[in-house]
Amino acid sequence: MKRTSAEYKSSIKPVWCAGCSEYSVLSSVQKVLAELDIPPEDIVVVSGIGCSGRFSHYLNAYSLHGTHGRALPISLGVKAARPDLTVLTVGGDGDGLGIGGGHISHAARKNVDLTYLMIDNRIYGLTKGQASPTTPLGAKTKTSPYGVYEDALAAIPIFLAYDVSFIARGNIGDVSEISELVTAAITHKGMSIVYIVSPCRTFPVEGFKETVESSEVVPADHDRTDRLKAMELAYSYSPLYTGIFYQIRKPTLGDRLRDDTDRAQAEAGGKEVTIEQILQSFA
Amino acid sequence: MKRTSAEYKSSIKPVWCAGCSEYSVLSSVQKVLAELDIPPEDIVVVSGIGCSGRFSHYLNAYSLHGTHGRALPISLGVKAARPDLTVLTVGGDGDGLGIGGGHISHAARKNVDLTYLMIDNRIYGLTKGQASPTTPLGAKTKTSPYGVYEDALAAIPIFLAYDVSFIARGNIGDVSEISELVTAAITHKGMSIVYIVSPCRTFPVEGFKETVESSEVVPADHDRTDRLKAMELAYSYSPLYTGIFYQIRKPTLGDRLRDDTDRAQAEAGGKEVTIEQILQSFA
Amino acid sequence: MGNTEFKSDVDFVVRIAGEGGEGIISCGELFAQAAARTEYHVFTYITYPAEVRGGFSMIQIRIRDWMIYSMGSTVDYLVVFSQQGYDRTIGSLGKGGTVIYDPDLVKIEEVPGATFHAVPFSKISGEAVGGQRGKNIVALGVLGHLFSMDRQVLEKLLQDRFGGKGGQATEINLKSLAVGYEAARQAAMGCRFHLSAPSSQKAVYMMLSGNEAIALGAIAAGCRFVAGYPITPATPIFETLTRLMPKVGGTAIQMEDEIASISACIGASFGGEKVLTPTSGPGLQLMGEQLTLAAMLELPLVIVNVQRGGPSTGLPTKTEQSDLKFAIYGTAGESPRAILAPSGVEDCFYQTLRAFTISEHFQMPVIILTDQSIGYRKATVRIPAVSNITVVDSSVPCEEIDLPSPDRIQTTNRLEPSSEELRGYKRFKDTDDGVSPIARPGTPGGQYLATGLEHTEAGRADYSPSTHVKMTRKRFRKLKALSKTLETNPPECYGPEDAQIGIIGWGSTEGAIREARYLAAEKGIPVRHLHPKVVSPLPNRQIEHFLSEMKQVLVVEENYTGQFAHFVKGLFGARPIEIHKYEGVPIAPEEILSAIEKVAGILDEEDISRV
Amino acid sequence: MGNTEFKSDVDFVVRIAGEGGEGIISCGELFAQAAARTEYHVFTYITYPAEVRGGFSMIQIRIRDWMIYSMGSTVDYLVVFSQQGYDRTIGSLGKGGTVIYDPDLVKIEEVPGATFHAVPFSKISGEAVGGQRGKNIVALGVLGHLFSMDRQVLEKLLQDRFGGKGGQATEINLKSLAVGYEAARQAAMGCRFHLSAPSSQKAVYMMLSGNEAIALGAIAAGCRFVAGYPITPATPIFETLTRLMPKVGGTAIQMEDEIASISACIGASFGGEKVLTPTSGPGLQLMGEQLTLAAMLELPLVIVNVQRGGPSTGLPTKTEQSDLKFAIYGTAGESPRAILAPSGVEDCFYQTLRAFTISEHFQMPVIILTDQSIGYRKATVRIPAVSNITVVDSSVPCEEIDLPSPDRIQTTNRLEPSSEELRGYKRFKDTDDGVSPIARPGTPGGQYLATGLEHTEAGRADYSPSTHVKMTRKRFRKLKALSKTLETNPPECYGPEDAQIGIIGWGSTEGAIREARYLAAEKGIPVRHLHPKVVSPLPNRQIEHFLSEMKQVLVVEENYTGQFAHFVKGLFGARPIEIHKYEGVPIAPEEILSAIEKVAGILDEEDISRV
Ligand SMILES: Cc1ncc(C[n+]2csc(CCOP(=O)(O)OP(=O)(O)O)c2C)c(N)n1
Ligand SMILES: Cc1ncc(C[n+]2csc(CCOP(=O)(O)OP(=O)(O)O)c2C)c(N)n1
Ligand code: SF4
Ligand code: SF4
Ligand SMILES: [Mg+2]
Ligand SMILES: [Mg+2]
């Protein structure tokens, strides 16, 4: 029996603005999960705070809607404790690159096997239109009445420098591409980021729509293991490349923790040590 | 009257281990400050927590020894409020790339005009030898008895991806190079990082000394504005390159805030608005 | 006496309710703004959902010919845009109230004695401007007619808000306003009240939210550095300051999170500036470590916590007074700080001034504790005599600095070392009141080390028992000195001195308690009301005195566990009656009145049994 | 009666003092470890500087033929390596004490009645192994001779610690040990005491630090997920667990900071694991936001806060009990949690077990509050009957679960929904005791939303007044249920029931208070001692009962503001005498005794005046 998208819908009706692109991301993810045939009970979705943070409310899964900026370390804990589950992390540009920005490099170092959807609308949507770490220089927002006075962060180059083992950018205008990328990300063994450029309808940021509309798929011959080349492509803003920039294989946190366990249990002949033995070792 | 190094010594005797390389960094900085003829009262040094965090105790300056990981945003506040001061930030690899790792990209976006000395000994020194974000995979430390199970962070590529406007690496074995780099960094307008590789004597990390000893100065013809080339050099571990990887000019936070002020005061004819006028505007 | 103060001929409440995203709040705010330009006082209260769109949202506007202290408990004029808006507010309609509703979206049930007007806002907007964008302004037009407001006044406000004439948004709104006026005329709505004559006296009033009042208070106090991170319901403080700071030559920067915000403030304070960071509970939780750092470095620092419903993300857009103990005790180890709780919109301005005085004088962090209801409430506020703002010398003892008032505002700066004190400078000198001169970077010879480690008077790290004992006492001595200062302040007491029933409240409940007191007085029950503005340290003697004079005391607060009551019990051994409301909405005067009446009944019985 | 319990023939204290980096602690620990292998009980106390090198450092070892409750107040054998070590400890030398010092580094002043032995550790080490590396082991050899310890035992310990025979470090140390024994013999030091006969009974004892005891307690409780970040003085808990977790099939991961650590624990707890994160005050401050998230999501979570001197970075290597109120109130909004304060090294093991029972049963965060003195103290601890560890069914009411003891340990798991409950599953069902079944990811049909926003029983976000009221009450009902459970526990009271003087303490002061009680009993002053292990919520009825029986009550704690005393006053209206020590070092029995004697004097006078 094939699973359907509908199985992944929770009973809660989304409260996003009419026409918000979050709807497309949600239905795309629901479709992908059905196609990958992952039982809803084996999925954990963790989201941060923001419009995008509401994602967890609408997916039929074990869903955790945490605090601002901490979706990634929470997800990491889920996966480290329960390697059998499929873990999805969802959050916005502020959540992920602002308050939560310090966590990405460390999840990448651990290469924890989860998929992180970062939905970048270049604004703080839920709090109604303040500058985010990706709002471009000079843009006027509620907290930059005279224009933003900081450079915007370049997310993809940063993820590359962190050596996240799967990095893709999707354009919300092309939902089938998003589905492909999310599928590839979930299938990838290790940490995967799908970074989705997704202008906010209600608090639009100057020039963003145009940038997004200029997007183009990364050249077909791009070698995904070539970090420096990926970096070069990522620094282009017109065209703005979409698709998979980087994908490498390296042991996941799960793999490495298993090795640790093996080493730790080697002296006990590869068996779990009993509590009694542990206590006796302190005698 | 020329200033001397001694003027920059506080009355407190350092408590670092005998032979610790922090001593060299300290005396090098004292020398540079004297040469640059910056009055001690115009210097603010802010340090984090760690062996390196003790730096602020030993410099004759306005010195702030804060909390773990927050030296950078504290320094940023000093400089934003007091552009007339010279601001130095000092901290370790754990302080800077671990708990404080989320702050660097944002200080870089603001291009705040300060100099950050990050002293990387690949270990948590003060707390006596736990793994840090730069301890290499497999190394045994007090918290990785079976070997570190995470990839080490590549600091220079990360700083490059953040677009820090001055990035250099120094090798503690070559103190005169350190002095040169610190001089260039302090002279640089905008955010500068001097990243110093500096093995810990008391808690040595496997292979680190060898890596450091293999170091070589970046090729003389390296174009410092070429970010991708800098990235390539930074990914080399043997030789480990030292010197200035990247240096660009872009407006500093101070420059941009001044522009903001100009724009804000334009309607008032370029003059500060009085409190009375502010209140009246709410009537 | 309170009673006469309470006499009022004009006093009515308008409420507009519907879903988030329908422009309800801006409709109400424009109406309130226009009303505030007349001779009347205006007070607004807002409820909005945590979502950007959808969810129950409402604005309530009270208009009166005298100072207003609370949002009012029943509604006289109700405008509803949605079924949910109707269902959730119709119960608040007062006797003889008027309901204006969109018949295409709302099913009503007639209420005896109430007047119902069907106005199809949606349809009218659709016909006039081809969409729903104008429907809130259509409603504004209807209200304009109902209160015979000057249409030019509303038009001017629309232009100010949506950009000059000719802009597309402005044109749509002007059109909508016109059809709104027209629709009301056609529906033959009689004009209920004249909100037209602008008064000459009114020029001295501003229309401010509590959040704006704090921003203005900070500017008036001389604060010129702000670092912040958006968080509901404190965001407007930061937004206002990003707009105003550059105008007055100050700096307001957005940081990547709350930890970075308070860190930047610590840096700027170390640099010599007066600093502020606004936040709400979740953000303050992230600031704890830096808050104690500031206390340890003895740096002035003002934090505003606009409380919202908790715990965790909780009820981000609702009000609650549940962070009191957290503000007082929420950090590791023991270090002094002061907590101020403004009682209303105007008081936000004055307590902010006072927060800077205390913080700069005693070199310690001060937390201003407001809440969503105060932060988003708008009220008419007298413009203080700004020309009377004077900076007193930093050597003036704190108790000699005037409490700020509309007539006179004194600000102060931190104590700097004399050239004599700079010789062998001891930054943390152990003085009588614990306050030691602090050198501003740039001052030759003032270089010092400020470390979060325990340290000697000279600033050197030292963990010896004697140093820790001495410096702990030094830091707390400042708190004791502040306590002493508080005792000399005029008591924050209202109502007849011979009352047997006392009410203690703190923060935003002041207005509701005050009105309850007036209502009780009308029923012949005298009530005395204590409302300390500094909630930590407490003015102990004043509270003891108050308690000793009362037969029965009520403590009113908006939380579950009775946080302030805990102090009243713990510190003063009292056994008050605790009134807790924890529904995310402010307590109403009637709720307090009914508690007063119950207590009065018991006291009567006691009197009888004693006869 | 306590008095007989206290009778002891052997009871002496050895202290080794000098500078950090001289190997003082490892010298003392090896000595203690060897002593612990005999029939005697051992108890150590460590002071070390916050620097890696330099600064005063010492280890004190008490050896006794009976259970030891405190570090002792005077020193019988003093080994000093440096002038500072001498100057700062000579005052503690007891009558007839022995001092062993390095004459090249320490200038002494003769003390009447004391014996002084000059042993040039530095020189001896230099000659034997060509450097200072061996000097601490030379001292160990001297102690070995002094207490006629079996040299093989010490050699075995050195080999275990420094790697097998033949390794360079081991060889240097074995050499140093030998020359140490030799030096003592040459100095003609008489053997003072025989620490040699290993006893058969001793096989059932471990030698543990409080930090290690917590790590072992977690493993015994079934905790299999730990995330942490190093911080003094909690690091050893984490270090021990990184070593042990993989052995028992669990996971211990180091995170980038404390926020990430608690976040990972929340994730793992959501995943169904029993989780723990160890930290100290500064780290706990960073965890506040996530702590309330756990409370709101009703997830079990155990946090250990090994308190150190505050505020801010403070005195990172010293002890203080100053985080009590912070642990109870340190977060925004109102949410339930429990705080446990183990009283000693052994109790660390049992309270950790209990913490997991409470946390898993009531689905709320539990904080274990220890301190540096307990965390670094080592003591002989009876190995519990591990074969008696049983897991009781999750439906067993908490009050029916045995308190863990050496004879019997019951652990519990969280309540899972039945297949019936999974139909229309309500994760946050509002039950009698507030506890609702929680589905483990992977369970079909158990999918639910856990949001930090206020939510309905089904988990849907909802900010309506009725939901907030209902769910707040639900969450706090769990705390009430826990309180009820506590009242049925046996009272934590010691000493004669007819005593007129009562002492209340919490946490690590238990041993010192106990010894003070014995000392007082010897002087004919009966004292009763209450020492609650769960410090929030408090066992109210037990405390009330205790207070009602005493004429005078002392509250002993190691902080400045009297945090526990505040509760005794606030909740129970008592007016206790408060004893605060805030010097970074543990309070000594004698300090408490002298307070008892003063109080007894006053009571006597009262009795006289009443005659
Ligand atoms: C600690 C904390 N600080 C601030 C907030 C307020 N807050 C909620 S969402 C948000 C930003 C949301 O922006 P983003 O992550 O880009 O998500 P979006 O709404 O744009 O999808 C902020 C600042 C919070 N909830 N918690
Ligand atoms: C919030 C907090 N967490 C943990 C610590 C404990 N701590 C002090 S220094 C340190 C790490 C130091 O490592 P690094 O930054 O590399 O400096 P180093 O000592 O190696 O120079 C840690 C974890 C702390 N002081 N504060
Ligand atoms: S504010 Fe923007 S991102 Fe948020 S729901 Fe509306 S359109 Fe979507
Ligand atoms: S521990 Fe290492 S980094 Fe720290 S003072 Fe000693 S040698 Fe230097
Ligand atoms: Mg966003
Ligand atoms: Mg380091």
Side-chain angles (χ1 to χ4, degrees), chain C residues 49-50 55 259 280-282 284-286 288-289 292-293 295-297 305 307 309-318 320 322-323 325-326 328-335 451-454 461 463-466 468-469 472-473 476 559-561 563 566-567 569-571 573 582-585, chain D residues 49-50 55 259 280-282 284-286 288-289 292-293 295-297 305 307 309-318 320 322-323 325-326 328-335 451-454 461 463-466 468-469 472-473 476 559-561 563 566-567 569-571 573 582-585:
Chain C
I259 299 179
S280 185
L284 188 59
Q285 291 179 136
L286 289 168
E289 194 189 13
T292 43
L293 176 65
M296 194 63 154
L297 307 187
N305 176 1
Q307 295 166 98
S312 193
T313 315
L315 303 98
T317 58
K318 307 277 171 180
E320 200 163 87
S322 56
D323 292 349
K325 285 193 185 172
F326 165 51
I328 301 176
Y329 298 125
T331 53
E334 296 173 301
S335 62
T451 172
L453 289 163
E454 186 56 285
Y463 326 127
S464 67
S466 59
H468 187 44
V469 166
T472 301
R473 287 189 185 151
F476 276 97
N559 57 45
Y560 173 75
T561 56
Q563 302 194 16
H566 180 103
F567 293 107
K569 293 188 288 188
L571 295 174
Y582 51 103
E583 304 186 359
V585 294
Chain D
I259 299 178
S280 184
L284 188 60
Q285 291 179 135
L286 289 168
E289 194 188 14
T292 43
L293 177 64
M296 194 62 154
L297 307 187
N305 175 2
Q307 297 166 97
S312 195
T313 314
L315 303 99
T317 58
K318 305 279 170 179
E320 199 163 87
S322 55
D323 292 350
K325 285 192 183 172
F326 164 51
I328 302 177
Y329 299 125
T331 53
E334 296 172 301
S335 62
T451 172
L453 290 163
E454 187 57 287
Y463 324 127
S464 67
S466 59
H468 187 45
V469 166
T472 300
R473 287 188 184 151
F476 275 97
N559 57 46
Y560 173 75
T561 57
Q563 302 194 16
H566 180 102
F567 292 107
K569 294 188 286 187
L571 295 173
Y582 49 104
E583 303 185 1
V585 293

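These numbers come from a predicted model, not from an experiment.
- D:F567 pairs by the ring-ring contact (aromatic ring centres under 6.0 Å, His included) definition with nothing, not counting sequence neighbours.
- Rounded to the nearest 0.5 Å, atoms OG1 (D:T472) and CG (C:N559) are 10.5 Å apart.
- When heavy atoms are compared at a cutoff of 4.5 Å, D:L453 approaches chain C by way of both its backbone and its side chain.
- Across every non-hydrogen atom of C:F326 and D:T331, the tightest pair is CB-O, 3.2 Å.
- With a 4.5 Å cut-off on non-hydrogen atoms, C:L293 touches chain D through its backbone and its side chain both.
- Considering only heavy-atom pairs separated by less than 4.5 Å from chain C, the leading option among D:I259, D:L315, D:N305 is D:L315.
- When C:L286, C:L284, C:T451, C:T317 are compared by the number of non-hydrogen pairs under 4.5 Å with chain D, C:L286 comes out ahead.
- No donor-acceptor pair under 3.5 Å is formed between the side chain of D:D323 and the backbone N or O of C:A332.
- Heavy atoms of C:L297 lying under 4.5 Å from chain D are absent altogether.
- Chain D forms more heavy-atom pairs under 4.5 Å with one residue of C:G310, C:A461, C:G573 than with any other, namely C:G310.
- Shown here for D:E320 and C:H468, the closest heavy-atom pair between the two residues is OE2-NE2, 2.6 Å.
- Between chain D and the residues C:P316, C:G584, C:G452, the most heavy-atom pairs under 4.5 angstrom are made by C:G452.
- Here the closest non-hydrogen pair linking D:Y582 and C:R473 is OH-NE, 2.7 Å.
- Ranking C:P465, C:G333, C:P311 against chain D, the residue ahead of the rest is C:P311, based on heavy-atom pairs under 4.5 Å.
- In this structure, the portion of C:Q563 lying under 4.5 Å from any heavy atom of chain D is its side chain and not its backbone.
- Neither the backbone nor the side chain of D:I328 comes within less than 4.5 Å of any heavy atom in chain C.
- For C:K325, the parts lying near chain D are the backbone and the side chain together; criterion is any non-hydrogen pair under 4.5 Å.
- Among all heavy-atom pairs drawn from C:S312 and D:M296, the shortest one is CB-CB, 3.8 Å.
- When the candidates D:G570, D:G288, D:G314 are compared by the number of heavy-atom contacts under 4.5 Å with chain C, D:G314 comes out ahead.
- Taking the side chain as every heavy atom from C-beta outward, D:H566 and C:L571 approach each other to under 4.5 Å.
- D:E334 and C:T561 are linked by a side-chain donor-acceptor pair at a separation below 3.5 angstrom, with hydrogens and angles left out of the test.
- For the set D:K569, D:E583, D:Q307, the count of heavy-atom pairs under 4.5 angstrom toward chain C peaks at D:E583.
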